[in-house]
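Side chains included, hydrogens not; waters and symmetry mates left out as well; all remaining heavy atoms used. These numbers come from a predicted model, not from an experiment.
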Amino acid sequence: MNIGTLYSSLVKVKSKLIGSGVWINLGFDEHSYVLTANHNIHDEKIEIFNIKGDELESSYIGQIGELDIAIIKIHSKCDINVGLCLDDHAELKSDSKCWILGFPKSLVKISEYKSIDLEGSILFYDEDIFFRIEQGLPDNSEREHIDGFSGGPIFEITSKGDIYLKGIITDSFDDNFSYKRIRGEKISTIYNN
């Protein structure tokens, strides 16, 4: 699998906080969109940077319903084709791989690209989506290992190489992050709102 395809859809969101976002193409030639956690946004003053560090011309559209999700319009086309998982009951294939990407405060210190990806499993419980990190993290797993991931993508990659955006990260499940679980909003829920 080419992890570069995943990284090309990752953006850094700078506003109230420095967070993550996912850049998606919805079929328009002249513009595209970024989804991020709404708690990353402050006073609609936003800077969006692609993975190369280039600033993207953008404008804040708003919060999606009551969800902790915001949508931002990018005034250029996105050439990344990531499928959106809009089926509420879509199950993961047994041979799928799952990833999250983002800009967490502490983990980027050990990453050459100032962003990081983690492999794991997607879990569904009622209306919630969770991501369980299966890789080793530093022993002192604290909040700084999750802060900055907010707004980032939760991806499923099938054995055929198809990439599906399953959710957007909004928070950690555990206060001290010791169980390495991340909470998100399902793309189907975001779409329905």
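Annotation: the span from F103 atom CZ to I18 atom CD1 amounts to 9.5 Å, rounded to 0.5 Å. One finds the CD1 atom of I41 at 5.5 Å from the OG1 atom of T36 (value rounded to the nearest 0.5 Å). Atom CD1 of I48 is separated from atom NE2 of H75 by 10.5 Å, given to the nearest 0.5 angstrom. Atom CZ of F155 sits about 6.5 Å away from atom CG of L101, to the nearest 0.5 Å. How far CG of L35 is from CD1 of I69: 7.0 Å, rounded to the nearest 0.5 Å. Interatomic distance, CD1 of I24 versus CD1 of I168, reported as 7.5 Å (0.5 Å rounding).
Between K166 and I129, the shortest heavy-atom contact is O-CD1, 3.7 Å. Between S15 and K45 the shortest heavy-atom distance is OG-O, 2.7 Å. Minimum heavy-atom separation, N38 to A70: OD1-CB, 3.4 Å. Heavy-atom minimum distance, T170 versus H39: O-CE1, 3.2 Å. Here the closest heavy-atom approach between residue E119 and residue F131 is recorded as C-CZ, 3.7 Å. Nearest heavy-atom pair, I187 versus G167, reported as atom, atom and distance to 0.1 Å: CG1-N, 3.6 Å.
The side-chain heavy atoms of L10 and P153, taken from C-beta on, include a pair separated by under 4.5 Å. Taking the side chain as every heavy atom from C-beta outward, L6 and I157 approach each other to under 4.5 Å.
Judged as a side chain to side chain donor-acceptor pair (under 3.5 Å), not a single pair has a partner in residues 48-58 (not counting sequence neighbours).
In this structure, E30 places its CD atom where more than 12 heavy-atom neighbours from other residues, nucleotides or ligands lie under 6.0 Å away.
The hydrophobic cluster containing I190 also contains I71, counting ILVMFWY residues as joined when their side-chain heavy atoms lie under 4.5 angstrom apart, directly or transitively. The hydrophobic clustering, which links ILVMFWY residues whose side-chain heavy atoms are closer than 4.5 Å, places V22 and L67 together.
H31 pairs by the ring-ring contact (aromatic ring centres under 6.0 Å, His included) definition with F28, Y33, not counting sequence neighbours. Looking at residues two or more places apart in sequence or on another chain, you find a side chain to side chain donor-acceptor pair (under 3.5 Å) between S32 and W23.
Using a distance-only test at 3.5 Å, with no hydrogens or angles considered, no donor-acceptor pair links the side chain of S20 to the main chain of K12.
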